[in-house]
Structure formats: structure tokens, C-alpha cells
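Notes to accompany the following structure.
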Amino acid sequence: MSPSDPQHVVAVVGGAVSGSVAAEILADHGVEVVVLEQNARPYGKIEDGLPRWHVHQRRKEYERIDARLRKEGVHFVPRTKLGEDVSWEELTQGWGLSAVLLANGAWRDRPFLGGERDALVGKGLVYQNPLIYWFNHKNEQSYDGPQYEIPDGTIVFGGGLASIDVLKVCQLEVYGRALEERGLEAPMLEMEKKGIPAVCERQGIDPQELGVSGTLLLYRRRKQDMPLAQPVPNATPEQMAKTLAARAKLLEIAQRKYLFRIQDKTLPLDLAIEGDRVRGVKTVRTEVEGRKATPIEGSEETLECELVISSIGSVPEKIPGINMKGETYTFSDWDLGIYEGAEGVFGVGNVVTGQGNIRASLLHSKKVTQFLTENYLGGATGAAAAAAVEKHLEARAPLPPEKVEELRERVRKLQERVSYSGYDAWISQVTPSDLE
Ligand SMILES: Cc1cc2nc3c(=O)[nH]c(=O)nc-3n(C[C@H](O)[C@H](O)[C@H](O)COP(=O)(O)OP(=O)(O)OC[C@H]3O[C@@H](n4cnc5c(N)ncnc54)[C@H](O)[C@@H]3O)c2cc1C
């Protein structure tokens, strides 16, 4: 395509798995793509959420994201946050883009106790996202964020796969410290891979001799309800039984390797506070029927601990101008990520699903982006069925060359603002030499 042809220009907010997949598909369809990324590096949950023991997987995903973002027709704009450096109104109305894709993930921890005790964050209450960020970056010389020391007996609220990772982080820290205090080795990667008992055994010590009581997970429903494995849609009783068995197996292996404790059927009522610090958590036991967990009157109890970690899920961040319904942005079609509040805005990956995994984010992004290119941007095939969707599908005329040039100029200015001069040079400039 010649630079003076009319062209579609699409902004993608967030450059990680979903954003980079969307950018690649669009660029392959001749669309010019502007990727706005709030951080210096674009890897999102892969770098800051997936715990750093996933050494190979993280490296592989970085490479994949790099390959997509350095494609011709993709303009990467780092350190540029939607809602701060560029407003929603500017992006969706002022810029005159062909479409906007939100691929900004789910970075706000769901508020623990409705957020009522958030004043205690850093004073014995910690949320999952900053905790994993710290765990992944704490050994870098340039890390200057909050520091955490995980005491023995820490209590974690949660129940999903991510909370198992949080438990592992706690146990690796606590046992690591206990081993080092005895002059023994505590290699984090080996402890994660082989399990804590195996590393203790290699050094001739029984884990019990270390005097660690262990991290405790509190979960509101029954152990077998923990969403560690998902049943197929409309599962038969046999398929459901298989899922429950898979969950039990996963949990049993994780407990055997990392020695954490679980108390199920327990809800938090409040934090127990002494002075200005958390000293425990007030809980109540529950009776579980289906998905319903009902507090049992008279079963209230205070469990002492120095640290409470909330790992109850992540939701999209509030961005001024984006409509929300409860914890999520207002999408009229979740599958296709069609945003209700403005014409030509779509959501891909975690920002829509709220959770999920790398593959789910990738597939969701592919689906939405293909839908967008084939229908909305007047690309290849595709006739839409539903009338509501069709309204969105009216093919748009590509932008005239002078408009495309104006947008390129905007992007150049944003890139100059952060001294960005090309993808590979930028990535090597902003990657700490001691990044794990
Ligand atoms: C503890 C934990 C363990 C996990 N383990 C696994 C696992 O073992 N296997 C697996 O498959 N998946 C795992 N996942 C899930 C997986 O990491 C995510 O589903 C996936 O990476 C999400 O990709 P995404 O691109 O949709 O979102 P993200 O990776 O969150 O990307 C969003 C991007 O948008 C940027 N952004 C956010 N707001 C703005 C803004 N306002 N302006 C500009 N940019 C913005 C962010 O900086 C980020 O780069 C795990 C997640 C967690 C938290």
C-alpha cells in the first residue's frame, strides 16, 4: 500500500498478549495500528502477573509479543496511559480513528471487604497484583516499589488458580528464609519445580524441623468447588465428577509440594486491628449449597496473622469516560467485545473476560479482531446475522491520506515525548540488565 492511499487507522490500548495479537492481525490486513502502552515494556501480565518461575514461558511470550509489535504498520507508543496521557474523549472523538480496541487487561484487584479496609493496605493488608509485581521484580537493582516481607502464618483469601500462585510465592519466601537462616540453600526455581520437601530432603532436613506453620488459604465454598479446573459446558454428571477429581488432584499435588494449608467454607467478616495494623481476620464458617455459601450463625472466629493477602480476582481499571456496569466496562456483546458506549470501540482479552489464560486472551483477541477487520472495517467476507451487531458492521470508508498523515504526526509527537525511536532499540534501552 502506498503511504498516500486512504487507510484505516486503529488504536489499540495495551500491548501485551491481546493487544499485540490484535495489532498483528490488523496490520496484516493493511490497517495502520497505534499501540498505546502505559508501561515502558509491553508484556502486561506475562511480565508482571505470571510468577517469575515460568522462565521459559515468559521468554517465549516476550518474543512473540516483540515479533508482533515490530511489524510494519504497527506504531508502538510506550509510557502512554489512556486516561492520563491521552483522554478517552481525545482518543475516541478527537483523533478521528477508524476504531479503538481496548486490550488493557484487568489490573484492579477486586476490593476486599468492599474496599472498606483499604486504609490498611501496606499495614498488614496486601492485594495480589502488587504482590506478584514485587515478587517478579524485587531482585532488580532499579526496583523502587513497595517491599513486602511475608510472615509465616500469612492468610490468603481466594480460591482460583492465581491464588495458588500467591500461596506458592508465600511458601517459597517463608521456607526460603527458614532454610537460609540455617545456612542451607534455598534455590527458588528448584523449590518451585521439585517442591519444598524435595529441596529439604536433598539437604538432609525434614521440613517440619524448620518450625514453619505455613500459609493458610481461606475459601468461601468447598475445596472441590475451587475453580482450578473447569467443566465442559453442559457437563454430564460423569464429566462433572471428572472435573471435581481433577481439582482434588491439582490441589493435592500443590499442597504436597508447597505445604500450604487450606480451610474451606470460610468467609471474611472484617480485619482484626491493633493500633494501625492488621493482627488477624474475623471469619465465619459457611454452609454451601450449589454456588451459595451461607454464613453459619455462631461460627464466628478470629484467626491471628500478621499479613492478609486478598486474591479474589482482578477487574478492569476505571478510566474516566469509559462507561462501567458494576466491575466491568459496558459491552453489549461479550463474545465479540462490542463496547456499548461509543461507536467503533471493542474490547479484547482480559479486559472483557476479566480472567482467563494466555490462550484464552489470544483466541478472544483473534476472534474480535477478525470480526472487526472482516465486517466493521469493510474487509474480506462476513455477513453478520444479528441486527444489533449489523449496526456496528456498516463498512467505514478508509481515512483520507491527509487524515492518516495527521494521525501519524500525533503518534510521532507522543513517541518523541518519551524519546522512543524504534521498537528494538527501545526494548533494549528499557530492559533492566538484571531482569529475571
Ligand atoms: C498470578 C497469575 C498467574 C497466571 N498464570 C497463568 C498461567 O499459568 N497460564 C496462562 O495461560 N495464563 C496465566 N495467567 C493469565 C494470563 O497471564 C492472562 O490471561 C493474559 O496474559 C492476559 O493478557 P491481556 O493482553 O488480555 O492482558 P494484560 O497482560 O493485562 O495486558 C494489558 C496491557 O495493557 C496495558 N494497559 C493497562 N491499562 C492501560 C492504559 N490505561 N493505557 C495504556 N495501556 C494500558 C498494561 O500495561 C498491559 O501491558 C495468570 C495470571 C495471573 C495474574
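Residues take their numbers from the sequence shown, with the count starting at 1. Whatever order the structure lists ligands and atoms in, that order sets their numbers, starting from 1.
Any N or O atom pair closer than 3.5 Å counts here, and Val348 shares no such pair with ligand 1. The N/O atoms of Trp107, backbone and side chain alike, include one that comes under 3.5 Å of an N/O atom in ligand 1. For ligand 1, the polar-atom distance check finds an N/O of Glu37 within less than 3.5 Å of one of the ligand's N/O atoms. An N or O contact shorter than 3.5 Å is missing between Gln128 and ligand 1 by distance. At least one N or O atom of Gln38, backbone or side chain, sits closer than 3.5 Å to an N or O atom of ligand 1.
Every atom of ligand 1 with a heavy atom of Gly105 under 4.0 Å away is listed here by number and element: 27 (O), 30 (O), 32 (C). Numbered from 1 in the order shown, with element, the atoms of ligand 1 that lie under 4.0 Å from a heavy atom of Pro42 read 49 (O). Using a 4.0 Å cut-off to heavy atoms of Leu36, the atoms of ligand 1 that qualify are 43 (C), 44 (N). Atom numbering of ligand 1 starts at 1 in the shown order; those under 4.0 Å from a heavy atom of Asn39 are 47 (O). The ligand atoms of ligand 1 that sit less than 4.0 angstrom from a heavy atom of Ile319 are 41 (N). Close contacts of ligand 1 with Val17, meaning ligand atoms under 4.0 Å from a residue heavy atom, involve 21 (O), 23 (O), 25 (O).
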Exercise. Yes or no on salt bridge (charged side-chain N to carboxylate O under 4.0 Å, His left out) for Glu173 and Lys138, after CA distance, side-chain angles and deciding distance?
Worked result: CA-CA 12 Å; Glu173 286 287 310; Lys138 68 183 170 120; 2.8 Å; yes
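When all heavy atoms of Leu267 and Phe157 are compared, the pair lying nearest together is C-CE2, 4.3 Å.
At a 4.0 Å cut-off, not a single heavy atom of Leu161 sits close enough to ligand 1 to count as contact. For the pair Glu84 and ligand 1, no heavy-atom separation below 4.0 Å is found.
Contacts classified as salt bridge (Lys or Arg N to Asp or Glu O under 4.0 Å) and involving residues 88-115 (residues at least two apart or in different chains) are given here: Arg110-Glu327. Among pairs with a residue in residues 311-326, those fulfilling salt bridge (Lys or Arg N to Asp or Glu O under 4.0 Å) read Lys81-Glu317, at least two apart in sequence or across chains.
For Glu37 (side chain) and Gly15 (main-chain N/O), a donor-acceptor pair under 3.5 Å exists by modelled atom type.
Heavy atoms of Thr80 found under 4.0 angstrom from ligand 1 belong exclusively to the backbone.
Taking the six-membered ring for Trp, Phe331 and Trp334 have ring centres closer than 6.0 Å.
Across Ile46, Val35, Leu82, heavy-atom proximity to atom 40 (C) of ligand 1 is greatest for Leu82. Of the candidates Gly349, Gly14, Ala103, it is Ala103 that places a heavy atom closest to atom 32 (C) of ligand 1. Nearest residue to atom 48 (C) of ligand 1 from Gly44, Ser20, Ser18, Ser163 is Gly44 (criterion: closest heavy atom).
We find the CG-CG distance between Leu161 and Leu250 to be 7.5 Å, quoted to the nearest 0.5 Å. Here CZ of Arg408 is found 5.5 Å from CD of Glu405. Values are rounded to the nearest 0.5 Å. One distance of note links CD of Gln263 with CG of Leu303; it measures 6.0 Å at 0.5 Å rounding. Atom CD1 of Ile322 sits about 4.5 Å away from atom CG of Leu102, to the nearest 0.5 Å.
Using cut-offs of 30° and 60° on the angle between ring planes, the pair Trp134 and Tyr148 is perpendicular.
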